2 protein chains.
Amino acid sequence: MVKNTTIYDIAREAEVSVSTVSRVLNDTAPVKASTRDKIMKVIEKHKFQPNALARSLIKKETGTIAMIVPDITNPFFPEVFYGANQEARDKGYTFFLCNTSGDDDRESEYLTILREKRVDGIIFIGGRINLANCPSELVQEVLEAAETIPVVLVNGNLAKTKFHRVYSDEAVGAALATQHLIDLGHRDIAFIGGLDFMTTTIQKVKAVKKKLEDHDLTLRKEWIIYGEFSIQAGRDLMNKLLDDSEHRPTAVLCVNDFTAIGAIKAASDRGLRIPEDISIVGFDDSPLSTAVIPELTTVTQNTHELGKYAVERIYQINNAMPTKRTTVLTPELIVRQSSGPAPKK
Amino acid sequence: MVKNTTIYDIAREAEVSVSTVSRVLNDTAPVKASTRDKIMKVIEKHKFQPNALARSLIKKETGTIAMIVPDITNPFFPEVFYGANQEARDKGYTFFLCNTSGDDDRESEYLTILREKRVDGIIFIGGRINLANCPSELVQEVLEAAETIPVVLVNGNLAKTKFHRVYSDEAVGAALATQHLIDLGHRDIAFIGGLDFMTTTIQKVKAVKKKLEDHDLTLRKEWIIYGEFSIQAGRDLMNKLLDDSEHRPTAVLCVNDFTAIGAIKAASDRGLRIPEDISIVGFDDSPLSTAVIPELTTVTQNTHELGKYAVERIYQINNAMPTKRTTVLTPELIVRQSSGPAPKK
DNA sequence: ACTATTAATGATATGGGTTTCATAGTTGTG
DNA sequence: CACAACTATGAAACCCATATCATTAATAGT
């Protein structure tokens, strides 16, 4: 590996001081045109790239932010990252992406590394910190980090804390989906998928219950089945649901699109037609939702916006601009082919 | 934002010199146990996090590598990133993820930023640099970068250059898929999807042609239809193919899983049964392939390995370990439900 | 013409670590 | 006991930028 050129090399060759070279680089003070030209020529000759480490060290900003995600393989997260990255580029940030792969220790491991690297902001999305049962040591640790670095929690649950938060109001989304099914004449509605200690699950179940009760309906206990968020889980959970052929729901709400797709597969395998025999509704409006047959009725999560607003928030904090602590995005229902009128008895 | 503690603060409070603190931090020379304890106590009291910028500046390594991807929303890339990130963590690297969103300028824009940030390695996957028609200025620029920073191209085409490369042998994969269809009795085989100037497309088409010719079959010109890599493109291309009801292939090879899924949808919409009426084969073995009905016959791309080997290569270069310039992974065929015996005429 | 600004530039401090070199204190060994 | 070989520590240089302060040259104002 070849050694990098430094500002001293440039100064020497251009026969000026490093201060003047710095002025040319940053346009921070007037430099005589002839001097500037001379310096520029040397810079271009060597394709000089100023060392960002040295710059960051004194400027006390790195132009770097990070997102910590539990599983980049889950298409929800790339969508959020996409939006965040767009905004980051506008604001001059480069992005660290830290994938914890669900490994509990890595969240705080990455946190330490990122603090040492003096990132200008950290976005947590999913993961333990956003869990309903998040251990308090972790909360403590993140709070500490937040004293020196702007931290934003996306779709988390720590409402009472003073963390900055951006989230999509999943309760509203779940209510929307439930109302939709009720409007279609469904009375027997089930909910499947999602770990029971995850905020995203809890909020949805609660909202579905509430909405049903508003219409004098109930969410039967046997019809709330928790599990993972994967396609396979959706399949298994749906099969469990359908095993009881005496009592079958006419519609199923799923915690996300993955489980919904699994549910569709399970139902199809048993010869059920969707939506004629059973309606299935997902959550997230991931690219998958139009990829399946039938196309999935689902709820948008404003994924790009989630990322965008999170980065914007970091930018505002760093530039001492006024900000609110929480940003709420409202989901919308997208009706496609997987939901239809309740079958007549 | 609160000011960070420095090594000088620690040294002062522990009544030692910064050198000694540094020794304790890095375990680079013996320190008396009592001194060490005293220092550790102060470090822990302040939750001291040494500034990685200062360290990197002098050490000339940042523990940071980057991946430049064209579209993180395409599930192929998160899979590769996943594998890369796992390996990165093992080797002590943190990851920049740069999403160009297909914007031509950003590749070199990010390249500049990453060079200034003195990353320890850059992985290019997809994007212009890996195109068959990559502009030579960009090649030049990346070559220059490669003089100071290890650069690895994943699934690229620049065979004649001296870049480090890791790729999945797509020709072998395409041949495998073709052979599979031939074995099933198909004679009328089409290929859809993919931009005609992308390496990934070119190699596959070439391999399919070759394999067919080996069996005295031909790939009809009208049955090679190029396009985007999206679900929608797959749908459109398949529709175009099926519009000619006189001459219809009995099997379709798709450039990736996305287009294959689109193709399945188009065929289903026309009432064709898969695989009874028409067989469809994808490429990538993305998580999607088991999410659709019928499940997709496809070719693995060893996504995690691609990422893993790319990072490993960077590590080897940085540590002056012997490496080969190219690593080739061999894809495998995964037969699922979307391919079956050719229909009898 | 003479002082008051502004332009143009250089010298030096600074950021926060690591590394090298020097020195004092210990232990070992013939 | 004298001298070598370590151990333990500090002082100072270094990494490579930016920022501040000082100085000189050029222009402006009265």
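Every value quoted in this text rests on a predicted model; they were computed, and no experiment measured them. Throughout, protein chains are lettered first and strands after them, A, B, ... in sequence-line order, and every chain is numbered starting at 1.
Ring geometry, B/Tyr93 versus B/Tyr315: the interplanar angle exceeds 60°, so the pair is classed perpendicular (tilted spans 30 to 60°).
Counting any heavy atom pair closer than 4.0 Å across all strands shown, A/Asn26 reaches sugar-phosphate atoms only and no base atom.
Note on A/Lys60: a side-chain N or O is less than 4.0 Å away from OP1 or OP2 of C/dG16. Look at A/Ser22 and you won't find any side-chain N or O under 4.0 angstrom from OP1 or OP2 of D/dA17.
Separation of atoms CD1 (A/Ile10) and OG (A/Ser22) is listed at 12.5 Å; rounding is to 0.5 Å. Note that CD of A/Glu109 is 10.5 Å distant from OG1 of A/Thr100, once rounded to the nearest 0.5 Å.
A/Asn4 places its CG atom 8 Å from the P atom of D/dC16, with the value rounded to the nearest Å. The CG atom of B/Leu25 sits 14 Å away from the C1' atom of C/dT19 (whole-angstrom rounding). Whole-Å rounding puts the A/Asp27 CG to D/dA19 C1' distance at 16 Å. Look at CG on B/Leu57: it is 8 Å from C1' on D/dA17, rounded to the nearest Å. Atom C1' of nucleotide C/dT9 and atom CD1 of A/Ile7 are separated by 14 Å, given to the nearest angstrom. When rounded to the nearest whole Å, the span between CZ of A/Arg118 and P of C/dG16 equals 8 Å.
Heavy-atom distances to DNA chain D give each of A/Lys3 and A/Thr28 a nearest nucleotide, and the one nearer the 5′ end belongs to A/Lys3.
Contacts with DNA chain C (heavy atom under 4.0 Å) in residues 39-55 of chain A: A/Ala54, listed by number.
Within the 4.5 Å cutoff, side-chain heavy atoms of A/Val151 are placed close to those of A/Leu153. Under the 4.5 Å side-chain criterion, counting only non-hydrogen atoms from C-beta, A/Asp9 is not in contact with A/His46. Annotation: side chain of A/Lys60 is not in contact with side chain of A/Arg118 (no heavy-atom distance under 4.5 Å). Residues A/Asn318 and A/Glu61 form no side-chain contact, since every pair of their non-hydrogen atoms from C-beta on lies 4.5 Å or further apart. Residues B/Val119 and B/Ile65 fail the side-chain proximity criterion, which asks for heavy atoms closer than 4.5 Å.
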**OP:** Starting at the 5' end of nucleotides 6-13 of chain D, put B wherever the base has a protein heavy atom under 4.0 Å, S where only the sugar-phosphate does, and a dash everywhere else.
**Re:** --SBBBB-
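Checked against a 6.0 Å centroid threshold, the rings of A/Phe81 and A/Phe95 count as neighbours.
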